[in-house]
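Written out below as structure tokens is the structure these notes cover.
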Amino acid sequence: MSDLTKLTLSDAVDALAAKKVSSVELTDAFLAAIDKANPHLNAYVVVAHDKARAMAKASDERRARGSTAPLEGAPLGIKDLFCTEGVRSTACSAILGEFTPTYESTVTANLWRDGAVMLGKLNMDEFAMGSSNETSCFGNVINPWRARNSNATLTSGGSSGGSAAATAADLCLAATATDTGGSIRQPASFTGTVGIKPTYGRCSRWGIVAFASSLDQAGPIAKTVKDAAIMLTSMCGHDPKDSTSLNVDTPDFAKAVGKSVKGLRIGVPKEYRVVGMPAEIDALWAKGIQQLKDAGCEIVPVSLPHTKYALPTYYIIAPAEASSNLARYDGMRFGARKPGKDLNETYEATRAAGFGKEVQRRILIGTYVLSAGYYDAYYLRAQKVRSRIAEDFTNVFATVDAILTPTAPSAAFALGEKAGDPVQMYLNDIFTVTTNLAGLPGISVPAGVDANGLPLGLQVIGKALDEETVFAVAAALEDAAGFTAKPGAWW
Amino acid sequence: MAIDENTVRRVAHLARLALPEDRLAPMAAEINGILAWIEQLNEVDVEGVEPMTSVVAAKLPMREDVVTDGGDPRKVLANAPKSEDGFFVVPKVVE
């Protein structure tokens with residue numbers, strides 16, 4: 001078979017099952033593609049050549065013995081936020097040094113249980129704090145997409161920038177990612193890939209480096225809606241090791257892909273038409289609305305009145321939780337230690353040397369909003385506004401089955417363009433952060449390209465635990481859009 | 001609620017982050033920029049609204065209070081910056 005790396009996950013799994021290709025062949029094809037592309041894209045921070053080949057060989061042996069595991073032999077990329085036994089896991093932060101876990105995250109363990117092969121660890125913003133993959137201690141990820149007639153390097157989005165870039169550039173069949181404020185969906189939108197954040201609690205957080213625990217949720221970035229559904233089915237499942245893991249059955253999400261959307265009521269929230277949004281995104285949204293109408297959906301104008309407060313709420317809650325979660329990095333039990341003259345100085349020097357600028361800023365904001373005298377004014381108020389935002393969705397979902405919005409307010413921007421102004425950078429997540437606060441599933445589907453030939457995504461938001469409707473609507477959009485554009489392989 | 005250099009110094013100490021003196025003023029400016037943007041939350045009527053602490057059921061699951069894992073100090077110490085005889089070695093705490 002030619003061009004093995006261009007296969008979708010679904011087609012690759014079928015080819016492996018039909019023994020048209022072995023996992024070793026497929027894995028070697030990806031490793032060769034990574035070795036060629038990675039010096040240019042910087043998507044992987046660890047390429048696990050030996051482990052990948054060993055896992056592939058073991059998979060081929062299981063296949064020969066009759067294994068029909070759902071991901072048997074499929075090579076995947078893993079975001080560096082997931083702890084992987086024996087393979088360096090640093091959340092792309094210098095403070096973790098050469099940290100090499102002696103245990104495996106539940107989500108990745110689920111993937112290996114289902115037969116998948118790990119190609120390596122993917123670049124990301126440090127501790128998942130960023131929207132452009134510019135805060136990684138291993139350097140920026142370069143988006144495989146370039147604007148027409150331009151050689152300028154663009155961001156792949158963040159924080160799952162490596163996952164998105166690797167999937168778009170055919171450096172894995174699909175990748176794991178995580179989403180605290182939009183970190184799966186915005187990079188997916190920027191790279192012409194599909195990314196879903198499931199309902200909070202679907203994926204175990206055990207073994208995933210914590211950023212903001214009430215918001216963090218894992219999900220896949222994949223080439224198609226069906227691939228995302230296949231991956232997510234394997235990633236999900238109840239885990240007693242995560243007290244917020246939901247004790248519910250995981251449906252076979254792929255069965256929802258291709259299901260008729262006729263008669264579904266789709267909400268279109270007026271508050272997502274924001275000032276300064278490019279006309280092209282508005283037009284793409286209108287096109288998506290028409291496509292769903294043509295597929296038999298009923299379009300319902302809805303209102304989510306507290307939308308504009310979601311980002312400021314997030315920038316209290318997420319830093320507050322992060323400042324608490326990141327207190328564990330003290331240089332005593334793991335990571336890099338920088339000695340000072342006493343214990344306090346050792347802590348302070350270790351943390352100053354190990355954390356990057358954006359992480360330090362968020363720790364300081366989080367510590368401030370939780371400190372005596374400010375807790376009520378900031379943190380408690382933000383938690384109350386969060387209730388309001390969740391209530392908005394409850395009200396709207398009483399009358400609609402899903403909500404359609406743009407994924408991000410722009411296409412991929414140039415590296416460095418927004419690095420100087422944190423608030424401008426934060427605004428990237430304006431359409432995605434609401435579902436984290438409310439715990440709802442949201443998917444980004446590539447829906448078209450802008451005038452410069454760069455991909456743009458649409459987001460489908462669903463009711464809690466109703467990923468099936470989300471996948472059905474996303475597949476209808478994918479079908480109608482017929483998005484086939486790929487980045488030219490300039491690397 | 002604008003914050004000044006002294007507040008940044010105090011918060012940095014609370015967070016155990018060494019911040020050089022020349023970074024205090026720029027950091028105060030950056031944080032004030034973000035806090036000014038956050039101030040818009042004061043427009044929201046939150047009278048009688050319960051604070052949301054979790055999106056899943058508030059009742060945490062209980063389990064038997066038994067050891068489920070562990071017993072392998074080598075694994076626990078594998079990533080320690082300094083260890084000796086099965087213990088972490090840390091700076092002197094008690095004077």
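Note that the structure is predicted; figures quoted are calculated from it, not measured. Only heavy atoms go into these numbers, but all of them, side chains included; no hydrogens, no water, no symmetry mates.
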Using non-hydrogen atoms and a 4.5 Å limit, figure out which bit of [X] sits close to chain A: side chain, backbone, both or neither.
X	value
B/D69	neither
B/L77	neither
B/A78	side chain
B/R63	neither
B/E30	side chain
B/T7	side chain
B/R23	side chain

Among residues two or more places apart or on two chains, list those pairs meeting salt bridge (Lys or Arg N to Asp or Glu O under 4.0 Å) that have a residue in residues 319-330 of chain A.
->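 Sorted pair list: A/D330-A/R333.
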
Close side-chain approach of [X] to [Y], heavy-atom, < 4.5 Å:
X	Y	answer
B/V55	A/N436	no
B/R16	A/Y329	no
B/I34	A/R361	yes
B/M27	A/L364	yes
A/Y368	B/L35	yes
B/Q40	A/K308	yes
B/E39	A/P312	no

What part of [X] lies closer than 4.5 angstrom to a heavy atom of chain B: side chain, backbone, both or neither?
X	answer
A/A438	backbone
A/Y379	neither
A/V423	side chain

How long is the span from the [atom1] atom in [X] to the [atom2] atom in [Y], to the nearest 0.5 Å?
X	Y	atom1	atom2	result
B/L17	A/Q360	CG	CD	5.0 Å
B/D72	A/Y103	CG	OH	13.5 Å
B/N79	A/F99	CG	CZ	4.5 Å
B/M52	A/I317	CE	CD1	8.5 Å
B/E50	A/E391	CD	CD	11.5 Å
B/I38	A/T313	CD1	OG1	9.0 Å

[X] and [Y]: which non-hydrogen atoms are nearest, and at how many Å?
X	Y	answer
A/S387	B/V49	CB-CG1, 3.5 Å
B/P61	A/S243	CD-O, 3.5 Å
A/M332	B/F88	O-CD2, 3.7 Å
B/P81	A/G331	CG-O, 3.2 Å

Would you mind telling me which of A/N247, A/L246, A/L311, A/T346 has the largest number of heavy-atom pairs within less than 4.5 Å of chain B?
->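 So the answer, after comparing A/N247, A/L246, A/L311, A/T346, is A/L311.
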
Could you tell me which of B/L19, B/V8, B/D45 has the largest number of non-hydrogen atom pairs under 4.5 Å with chain A?
->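 Greatest number of close heavy-atom pairs with chain A: B/D45.
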
Specify which of B/V76, B/V89, B/T68 makes the most heavy-atom pairs with chain A at under 4.5 Å.
->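 Greatest number of close heavy-atom pairs with chain A: B/V89.
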
So, the side chain of A/R381 versus the backbone of B/V46: is there a donor-acceptor pair under 3.5 Å, distance only?
->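 No, because the side chain of A/R381 does not come within donor-acceptor range (under 3.5 Å) of the backbone of B/V46.
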
For chain B, which residues from residues 334-345 of chain A lie under 4.5 Å away (heavy-atom distances)?
->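 Contacts with chain B: A/F334, A/G335, A/R337, A/L343, A/N344.
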
From CA spacing to verdict: side-chain contact (heavy atoms from CB on, under 4.5 Å), B/R74, A/T102 | CA-CA 10 Å; B/R74 270 178 317 121; A/T102 53; over 6 Å; no

Residue B/K82 excluded, over 12 heavy atoms near NZ under 6.0 Å |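 No, not enclosed.
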
